[in-house]
Amino acid sequence: MSLSRRTFFKAMGATAVALSVGKELKAGPEPEGEATEFNGMLYDMAMCRGCHGCEYDCAYAHELPEPDIPKEPPFRKTDETRNTVVNKYETSKGKVFVKTQCMHCNQPACDAACLTQAMHKTEEGPVIWREDKCMGCRYCMISCPFDIPKFEYKSTNPRIIKCDMCFTLQQQGEIPACAYNCPSGALMFGKRRELIAEARKRINDNPEKYVDHIYGEHEAGGTSWLYLSPVPFEELGFNTHIQTSSYPGLTKGFISSIAPVDILLPALLLGVYEATKTRTQTEEEE
Amino acid sequence: MNKLVQPLYLDNQENKTWKFILNELKPKGKIFSPFNIISFPVIVTGLIIMYIRFTQGIGSVTNLSQDIPWGLWIGFDVVTGVAFAGGAYVLVFMVNILNLKQYKPILRVTVLNGFLAYLFYSGALLLDLGRPLKIVNVIIGNNFGVSSVLFLVGWHFLLYMLALLLEFSPAIAEWLNAKKLRKVLSGLTMGAVIFGITLSVLHQSGIGALYLMAKDKIHPLWYSEYLPLLFVVSSIFAGISLVIMEGSISQRVFAHQLDKDSHKTHDNILVGLAKICAAGMFAYLALLVIVFVHGKDWQYLSSPMGSWYLLEVIGFVLIPMGLFYYSYRRRKVGLIKMASIITLLGIMLNRMNISIICFKWDAAERYVPSWQEFVVTLTIIFIEIWVFRWIVRRMPVLRKSPEWVRGDH
Ligand code: SF4
Ligand code: SF4
């Protein structure tokens, strides 16, 4: 039971190199800065009339089953058959419609969670899911603060279903299907920074029409999807307690402590081993 | 063609080895023991359920939903199971690093248990993966999600399994009478020990770190940024408690493998382990108090969830801690075993609380595992026990190593 010290330190050195390389790779999607400008979507709930048209367009664009929406639809959630739903809320200012879909966070929890990089924040802004990489662990579902990724439990080769902001259409220079078709102009596609400016302007021009808050500007560290509302967001079932720093930040401390522990703990253990060994040996000699 | 086959027949030594292995494959011991009669039908049912899972999807046999993506198979088999398997690294640390030789008699069996536990948990994990074949992406490295906690846990998990196998491998060599091989393998043990402990500390805490991003989903009494630390510390006494319980069972079932004074040494070992458990639980409680005060969660204590939390902390940590301490002072072996059972239940409660019960505690729909999920979990445990028994009956795990090893230390 002995390990020559030289081989040991060699092994340690190799680990250190591997880990420092790992560190460089770790650089995931950067928070929005000067260099990158994410695309985004401004959704104005004061303008949405609840026609559910976007639900049909989305299903069509993503080859999902055609939605079957009754005249007075009950409250619905997104699931493995639909990327988006529009729900009606009775509020202090009458009925308000809320469209739900992936928020396309600036620093997405799902991307940080995914161990195969199947969930991926693109440079353009959309967060996409890549079928050829995903192993179906569902850790993205555990981590997403908005509960967005859905899983095909009934399939033998299940997919994760969620809005991808029509990434393929964007690649072809088009805009997302929902925004393209929206008849009331409630959805506006553009650069996130410009959309925030536009939202600000709408609030300033019509202070009695909107609450003074852009949901998504700071939530979860900022999201590409931005919401304007005529009533306080609490009334519409939004999670208003959500933290304003990014979710991947919650694991940063742990992840950055791994490399030091991987290197220092073995050295410490070896030291203790040597110490106790000599002790017992001296005891034996006495 | 002929040339390829020939060596097998020519090499007499090899031929003997094969005969030996074939012979060893046959069952030893009674076939119709009560344990076999119970476990066999469960295993058959479990295998059928696994078949259905792979032909009709995970949803066909589980109650998982879009709201609860991780159920019993992760919450119990993996999250709880890994804590239970913590005994291996703690004992290895005590015997090989701290040089506490008195615990040596139970080292091998603990390492074997740890290894099998990990082997079967990763099996459970594969069952739970929707697209298990894609796991190669993570292993061969064409897609390293290095900022993913799960990725790091997975790799530490995998490497640790290797370390455990290496630590156990001298026993395999002794069984095969492979003297040279044993020498080589035991030369590697120290390296495996050191890296094994490191890998354990990291993946035990990593399991806790998995839940860090689920901040809004886990009840605030259970969620804290110190989850990783709490998970490592609790894995110490969880693992030791399992060693105590499992050791007591093995002492009876495999009594014929042990010599006379091993009973007395075993009692001494248990008393020593009780002390470690008490100390570990004390540290854990102190941490819990710090976390609690730091989080200012007073207002939750009066809610039903608060009572549930207090039940876990007082009933399943504080009380068994007292029991361990008392029974260690008074050398009450029976009480030690009881304390270990309460502790194990407490760890189960804690891990299930975080992964299932208090995960989306306020959701309208509650997740209750399907009977198939239970059967598959039992199946995994039973197969593990079968394999464990098979090995213990053949290799020098509980009984002493063969003569030729002894001078070799
Ligand atoms: S909302 Fe959820 S799924 Fe969408 S980008 Fe953010 S973390 Fe990912
Ligand atoms: S289910 Fe797929 S996309 Fe989600 S974290 Fe796991 S591998 Fe990544």
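Lettering of chains follows the sequences in order, A, B, ..., and the numbering in each one begins at 1.
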Exercise. To the nearest 0.5 angstrom, please state how far the CD1 atom of B/Ile68 sits from the CD1 atom of A/Ile142.
Key: 7.5 Å
Quiz item: What closest approach, in Å, do A/Cys137 and B/Leu150 show between heavy atoms, and which atom pair accounts for it?
Solution: SG-CD2, 3.7 Å
Quiz item: Tell me, do B/Ile97 and A/Thr276 make a side-chain contact under 4.5 Å, heavy atoms counted?
Solution: no
Quiz item: Take atom OH in B/Tyr51; do more than 12 heavy atoms of anything else shown fall under 6.0 Å from it?
Solution: no
Exercise. Examine whether an atom of B/Pro69 lies under 4.5 Å from a heavy atom of chain A, and if so say whether it belongs to the side chain, the backbone or both; otherwise answer neither.
Key: both
Practice problem: Would you mind checking which part of B/Val201 comes under 4.5 Å of any heavy atom in chain A, side chain (CB onward), backbone (N, CA, C, O), both or neither? | Solution: side chain
Self-check item: Pair A/Gln243-B/Lys215, side-chain donor/acceptor within less than 3.5 Å
Solution: yes
Quiz item: Would A/Lys77 and B/Asp67 pass as an ion pair if we require N to O under 4.0 Å?
Solution: yes
Quiz item: Which one of A/Ala113, A/Ser257, A/Ser155 has the most heavy-atom pairs closer than 4.5 Å to chain B?
Solution: A/Ala113
Quiz item: So what's closer than 4.5 Å to chain B heavy atoms on A/Phe151: side chain, backbone, both or neither?
Solution: both
Quiz item: Do the non-hydrogen side-chain atoms of A/Phe254 and B/Glu225 ever get within less than 4.5 Å of each other?
Solution: no
Quiz prompt | Heavy atoms of other groups near B/Glu365 CD, more than 12 under 6.0 Å | solution = no
Quiz prompt | Option in B/Ala209, B/Gly130, B/Gly59, B/Ser60 with maximal non-hydrogen atom pairs under 4.5 Å from chain A | solution = B/Gly130
Quiz item: Checking A/Ser143 against chain B: side chain, backbone, both or neither under 4.5 Å from a heavy atom?
Solution: both
Quiz prompt | Contacting moiety of B/Asp216, where chain A heavy atoms sit under 4.5 Å | solution = side chain
Practice problem: Measure the OH-OH distance between B/Tyr211 and A/Tyr139 for me, rounded to the nearest 0.5 Å. | Solution: 9.0 Å
Self-check item: Value rounded to 0.5 Å, distance of OH in A/Tyr273 from CG in B/Leu98
Solution: 12.5 Å
Quiz item: In terms of heavy-atom pairs under 4.5 Å, which option from B/Leu64, B/Thr55, B/Thr198, B/Asp128 contacts chain A the most?
Solution: B/Thr198
Quiz item: Side chains of B/Leu133 and A/Met135: does their closest heavy-atom pair fall under 4.5 Å?
Solution: no
Quiz item: Say you draw a straight line from CZ of B/Arg131 to CD of A/Glu131; how long is it, rounded to the nearest 0.5 Å?
Solution: 4.5 Å
Quiz item: Are the side chains of A/Lys154 and B/Gln56 in touch, meaning some heavy atoms are under 4.5 Å apart?
Solution: no
Quiz item: Quick one: which of A/Leu115, A/Ile258, A/Thr251 gives a side chain to side chain contact (heavy atoms under 4.5 Å, CB included) with B/Val149?
Solution: A/Thr251
Quiz item: Is there a side-chain contact between A/Asp147 and B/Gln66 (heavy atoms, below 4.5 Å)?
Solution: no
Exercise. Answer with side chain, backbone, both or neither: which region of A/Lys252 has an atom nearer than 4.5 Å to a non-hydrogen atom of chain B?
Key: neither
Quiz item: Distance from A/Leu269 atom CG to B/Phe93 atom CZ, nearest 0.5 Å?
Solution: 6.0 Å
Quiz item: With a 4.5 angstrom heavy-atom cut-off, which part of B/Ser205 approaches chain A: side chain, backbone, both or neither?
Solution: both
Quiz item: With chain A, which of B/Lys360, B/Arg53, B/Lys217 has the greatest number of heavy-atom pairs at distances under 4.5 Å?
Solution: B/Lys217
Quiz prompt | Max heavy-atom pair count under 4.5 Å with chain B, selected residue of A/Gly253, A/Pro149, A/Cys144 | solution = A/Cys144
Exercise. Return the option, out of B/Pro170, B/Ser65, B/Gly206, with the maximum number of heavy-atom pairs under 4.5 Å with chain A.
Key: B/Ser65
Quiz item: Do B/Leu129 and A/Arg138 have side chains that get closer than 4.5 Å, going by heavy atoms?
Solution: no
Quiz item: Minimum heavy-atom separation for A/Cys114 to B/Ser148, with atom names?
Solution: O-CB, 3.5 Å
Practice problem: Check the pair B/Lys134, A/Asp132 against salt bridge (charged side-chain N to carboxylate O under 4.0 Å, His left out), reporting the backbone distance first and the verdict last. | Solution: CA-CA 8 Å; B/Lys134 286 288 192 300; A/Asp132 54 326; over 6 Å; no
